[in-house]
2 protein chains.
Amino acid sequence: MPDPFSFDLNSFLPYRLAAAASRISRKFSERYRSEFGISIPEWRVLAHLYQSGDVSVRDIEARIDMEKSKVSRAATRLETAGFITKAVNDSDRRLLSLRLTEEGKALVARLLPVAMQFQSEMLEQLGPLAEGLDAGLTVLLQDES
Amino acid sequence: MPDPFSFDLNSFLPYRLAAAASRISRKFSERYRSEFGISIPEWRVLAHLYQSGDVSVRDIEARIDMEKSKVSRAATRLETAGFITKAVNDSDRRLLSLRLTEEGKALVARLLPVAMQFQSEMLEQLGPLAEGLDAGLTVLLQDES
DNA sequence: CGGTATTTATTGCAACTGCAACAATGTCAA
DNA sequence: TTGACATTGTTGCAGTTGCAATAAATACCG
């Protein structure tokens, strides 16, 4: 165990991870918030709907790291803005069927290049270290709690 | 540029980083929240005070990734709980002098082993990938915006 | 069937957050 | 010295968050 008297928060891995994530998320959200007017939870729901087509709140909660209440509120905002529709699932009326509208698809089509560009810049900044970072994240994202 | 139709949020680096950080922070805070009753911002202020001795709100804001209002509120809670003292800096009366009380030092002394243990478990889980993850975080934490 | 337990999405609530406004203090040039 | 400007920490505010409670729908089991 390291000498507790030499503890340095800036070399403490959970802090480093949180600080890096916070900085990246802030920079990314600045990119699209001004131009597209959506928040991070809304972006995540849109992105998931784009790749998955027609899903429920529960599906999104299971697939991406978001509380169901957060998903629900993001979906309500997106519906109000006209980017998605909410419909009751006929075979199980507890479930919602979230789906992108044409406007929603158009929004995502404009959003994705911004996202890919941002990721490209990250990878460029990381250079050969990107692979190691990604491998570490994969381990941390494994379900084992 | 990747095919936008194949976009997968779970392979999008900013999302992966945020999800991993969120999961780790939650697990870590569960460890000490129940036993010590402090929040993440409070833990960060305590840890920084422990390593730096006698600092102002501005110093903490500059050193760790926290808004000054967040630091201010965490400091108020810690003072109310008796873990730190706030004094006016005599040479510049705009500045505060935050300092751990004896109770605060005792709290940190109990907190640090928990933190080091948590980090050890992370490193164990990561194995040889820890080095690569850390190197990537170092790049992302560099000031260049 | 009937009744209890489970699942799903929403909402109320209290706490937290970031931002901007603010008062108090300090700096500096004229 | 004075007066404009900068810095520091706190607070008001509106928006967001996570958790628990809830209502509606379904599953299950006797």
Side-chain angles (χ1 to χ4, degrees), chain A residues 18-19 21-30 33-34 37-45 48-49 54-81 84-99 145, chain B residues 18-19 21-30 33-34 37-45 48-49 54-81 84-99 145:
Chain A
S22 165
R23 187 176 301 200
I24 294 296
S25 284
R26 203 176 321 124
K27 282 174 68 175
F28 180 43
S29 73
E30 280 169 8
R33 173 149 233 157
S34 57
I38 63 171
S39 67
I40 290 179
E42 287 156 22
W43 145 255
R44 287 188 186 174
V45 169
H48 188 69
L49 281 182
D54 187 351
V55 295
S56 67
V57 170
R58 172 192 58 171
D59 292 330
I60 299 180
E61 183 189 17
R63 291 285 183 175
I64 65 183
D65 190 54
M66 275 178 73
E67 289 277 320
K68 60 182 175 180
S69 62
K70 213 168 166 179
V71 176
S72 173
R73 283 159 173 152
T76 297
R77 288 191 293 265
L78 289 171
E79 186 192 32
T80 301
I84 69 169
T85 56
K86 287 197 226 175
V88 174
N89 184 319
D90 283 330
S91 60
D92 185 340
R93 298 174 48 78
R94 292 171 303 184
L95 297 175
L96 281 187
S97 222
L98 304 181
R99 192 185 301 237
S145 62
Chain B
S22 166
R23 187 176 301 199
I24 293 296
S25 283
R26 202 177 322 124
K27 283 174 69 175
F28 179 44
S29 74
E30 281 169 9
R33 174 149 232 158
S34 57
I38 63 171
S39 67
I40 290 179
E42 287 156 23
W43 146 254
R44 289 187 186 173
V45 169
H48 187 70
L49 282 181
D54 188 350
V55 295
S56 67
V57 170
R58 171 192 59 171
D59 293 330
I60 299 180
E61 182 190 17
R63 290 285 184 177
I64 65 184
D65 190 54
M66 276 178 72
E67 290 276 321
K68 62 181 177 179
S69 63
K70 214 168 168 180
V71 176
S72 173
R73 283 160 173 150
T76 298
R77 287 191 295 266
L78 289 171
E79 186 192 33
T80 302
I84 71 169
T85 56
K86 286 196 227 177
V88 174
N89 185 318
D90 283 331
S91 60
D92 185 340
R93 298 175 49 77
R94 294 170 302 182
L95 297 175
L96 280 186
S97 222
L98 304 181
R99 192 184 302 235
S145 61

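Proteins get letters first, then strands, A, B, ... in listed order; numbering begins at 1 in each.
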Could you state the atom-to-atom distance from [atom1] of [X] to [atom2] of [N] in whole Å?
X	N	atom1	atom2	value
L95(B)	dT10(D)	CG	C1'	14 Å
E61(B)	dG9(D)	CD	C1'	10 Å
L96(A)	dT7(C)	CG	P	18 Å
R33(A)	dG15(D)	CZ	C1'	9 Å
L98(A)	dA9(C)	CG	C1'	10 Å
I40(A)	dG15(D)	CD1	P	18 Å
K70(B)	dT16(D)	NZ	P	16 Å

Quick one: side chains of residues 88-96 of chain B, donor-acceptor pairs under 3.5 Å with protein atoms, not counting sequence neighbours, listed by atom name and distance.
from	atom 1	to	atom 2	distance (Å)
N89(B)	OD1	S91(B)	N	2.9
N89(B)	OD1	S91(B)	OG	2.8
N89(B)	OD1	D92(B)	N	3.4
D92(B)	OD1	R94(B)	N	3.1
D92(B)	OD1	R94(B)	NE	3.1
D92(B)	OD2	R94(B)	NH2	2.8

Inset, instruction - Pull out every residue in residues 73-81 of chain A that has a heavy atom closer than 4.0 Å to any atom of DNA chain C, ordered by number, or say none. - result: R73(A)
Inset, instruction - Report the residue (K68(A) or S39(A)) whose heavy-atom-nearest nucleotide on DNA chain D is the more 5′ of the two. - result: S39(A)
Legend entry - Nearest-nucleotide 5' precedence on DNA chain D, R26(B) against E42(A):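 So the residue in question is E42(A).
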Legend entry - With A74(B) via side chain to side chain contact (heavy atoms under 4.5 Å, CB included) - residues at least two apart: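 Per chain and number, A74(B) pairs via side chain to side chain contact (heavy atoms under 4.5 Å, CB included) with P41(B), E42(B), V45(B), R77(B).
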It should be established whether [X] places a side-chain nitrogen or oxygen under 4.0 Å from OP1 or OP2 of nucleotide [N].
X	N	answer
S56(A)	dA9(C)	yes
S72(A)	dT10(C)	yes
K86(B)	dT10(D)	yes

Legend entry - Set of salt bridge (Lys or Arg N to Asp or Glu O under 4.0 Å) partners for D65(A), sequence neighbours left out: R26(B)
Legend entry - R63(B): partners by salt bridge (Lys or Arg N to Asp or Glu O under 4.0 Å), with sequence neighbours left out: none
For [X], enumerate each residue passing the side chain to side chain donor-acceptor pair (under 3.5 Å) test, keeping only those at least two apart in sequence or located in another chain.
X	value
S97(B)	D54(B)
K86(A)	T76(A)
S29(A)	none

Write out a two-atom table: protein N or O, nucleotide N or O from nucleotides 24-28 of chain C, distance below 3.5 Å.
from	atom 1	to	atom 2	distance (Å)
dG26(C)	OP1	R93(B)	N	2.7
dG26(C)	O4'	R94(B)	NE	3.4

Inset, instruction - Can you measure from CD (E30(A)) to OG (S25(A)) and round to the nearest 0.5 angstrom? - result: 11.0 Å
Legend entry - S22(B) OG to K27(B) NZ distance, which is reported to the nearest 0.5 Å: 12.0 Å
Legend entry - Nucleotide of dG9(D), dC19(C), dC19(D) approaching E67(B) most closely (side-chain heavy atoms):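 The nucleotide sitting nearest to the side chain is dC19(C).
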